[in-house]
2 protein chains.
Amino acid sequence: MYSACMSTPERLIEATRELLWERGYVGTSPKAVQQAAGVGQGSMYHHFAGKPDLALAAIRRTAEELGAAAEAALGGEGTAYARIEAYLLRERDVLRGCPVGRLTMDPEVIADPALRAPVDEVLGRLRARLAEVVQEGLDSGELSGPLDAAEVAATILATVQGGYVLARATGTRDPFDHAVRGLLTLLAPAAATA
Amino acid sequence: MYSACMSTPERLIEATRELLWERGYVGTSPKAVQQAAGVGQGSMYHHFAGKPDLALAAIRRTAEELGAAAEAALGGEGTAYARIEAYLLRERDVLRGCPVGRLTMDPEVIADPALRAPVDEVLGRLRARLAEVVQEGLDSGELSGPLDAAEVAATILATVQGGYVLARATGTRDPFDHAVRGLLTLLAPAAATA
DNA sequence: GTCTATATAGCGATAGAC
DNA sequence: GTCTATCGCTATATAGAC
């Protein structure tokens, strides 16, 4: 339930974002969204064409937010290693999972190019951005070894996404933290030779 | 649709496994299962108490299979690194995702301790088994550095699980392969010092 | 064991009054 | 813009005949 300080479309989008995160696209009904937003049936269909349309608005915003949060860490101060570390250690609601990565397990999101596009786009950009930072580290000699920047970038992002999976399986965030620390120690020896 | 060479419960379980993999628990209806299995309504409820009961049987079998497939690679011949490599490179239907990891994104699976248990158990065992192999490598000096076996094990499993996420986002298996190769090169320098 | 019939609820959307 | 009414369909069973 969202307070009256938000417009109706705004409340619908925010309610949808929460429900998509919690239950996915398949598990989220227009009715549940309306109730969470405190909005009537007809009101929703006045502002949005239907469930896919509303979901698209929600997914776009969530993707945008994820991109901004990642950039806050990766575009910060410090060495390449420090920025990767900042990205990996940034505050996360681990047990809720990744609001974007989660959608990749949803058959109807994957089947609909419009819904998949923001997911694909933001994860692709994040991977490219991580590759830039890794390459920076390789160029400066901070990271060494026969590393391929694009590959290591994929490993970093996969570790995060997979960490969520393992954490949700156990019901504790421990496996996520282990995976991240393991990755940091694997990256560190190269960094230490700088 | 499953051929007549399988018993009715067997066909129901196999059909459920497929649908859980494809659509998750929330997205899988008893009706869809019955049609896929070529079995009538009443027949399903004769053999299983309901959707959760049938799903439990399906999840248990899928978890068991995953454990066996992983052990086939990790319990094989060769060095610790070679067995980890075999595990990472084993044949996978990458774009379908992990039939077990997928379930962790399902709110109703996570909320039901009975359904979550096989998921938690098999991923926990796999993590422990990977840690054993990593520790073996550290003990023999094949792997070196200040590595924590449990942490690296979590990183390996997370990379695989996250690789599926990235692959499904793009619609190609490339990010999965990149993530795995990146991880192998991060593990390799240590292995090379053996 | 398998079948059809029936039941209650919710889904996703449309219609039309206010 | 928002509301209530309604629609055709599916979800998840239960009942009871065969």
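Since this is a predicted model, take the numbers as computed values, not measurements. A note on names: the letters A, B, ... follow the listed sequences, proteins ahead of strands, and every chain is numbered from 1.
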Hits for side-chain contact (heavy atoms from CB on, under 4.5 Å) against A:Glu14, two or more places apart or cross-chain, chain-then-number order -> A:Tyr2, A:Met6, A:Glu10, A:Arg17, A:Arg61

Contact string for nucleotides 12-18 of chain C, one letter per nucleotide 5' to 3', B = base within protein heavy-atom range under 4.0 Å, S = sugar-phosphate only, - = neither, reads SBB----

Residues passing the side-chain contact (heavy atoms from CB on, under 4.5 Å) test with B:Ala179, sequence neighbours excluded, are A:Ala154, A:Thr155, A:Ala158, B:Thr159

Grouping ILVMFWY residues whenever side-chain heavy atoms fall under 4.5 Å, the cluster of B:Val165 otherwise contains A:Met105, A:Val165, B:Met105

In whole angstroms, the gap separating C1' of D:dT4 from CD of A:Gln35 amounts to 15 Å

Under-4.0 Å side-chain N/O to phosphate OP1/OP2 contact, A:Thr8 with D:dT2: yes

Across all chains, not counting sequence neighbours, the side-chain contact (heavy atoms from CB on, under 4.5 Å) partners of B:Thr16 are B:Leu20, B:Val33, B:Leu54, B:Ala58

With sequence neighbours left out, the residues meeting ring-ring contact (aromatic ring centres under 6.0 Å, His included) with A:Tyr87 are none

A:Phe48 atom CZ is separated from D:dT2 atom P, nearest whole Å, by 11 Å

By ring-ring contact (aromatic ring centres under 6.0 Å, His included), A:Tyr25 pairs with (sequence neighbours left out) none

What residues 14-24 of chain B contributes to the DNA chain D interface at heavy-atom separation below 4.0 Å is none

For residues 28-47 of chain A, the side chain to side chain donor-acceptor pair (under 3.5 Å) pairs (sequence neighbours left out) are none

B:Asp177 meets the salt bridge (Lys or Arg N to Asp or Glu O under 4.0 Å) criterion, sequence neighbours left out, with B:Arg173

The correct set of residues in residues 102-117 of chain B placing a heavy atom under 4.0 Å from DNA chain C is none

Sequence neighbours excluded, the answer for side chain to side chain donor-acceptor pair (under 3.5 Å) partners of A:Ser140 is none

Side-chain (B:Trp21) to main-chain (B:Arg102) donor-acceptor, under 3.5 angstrom: no

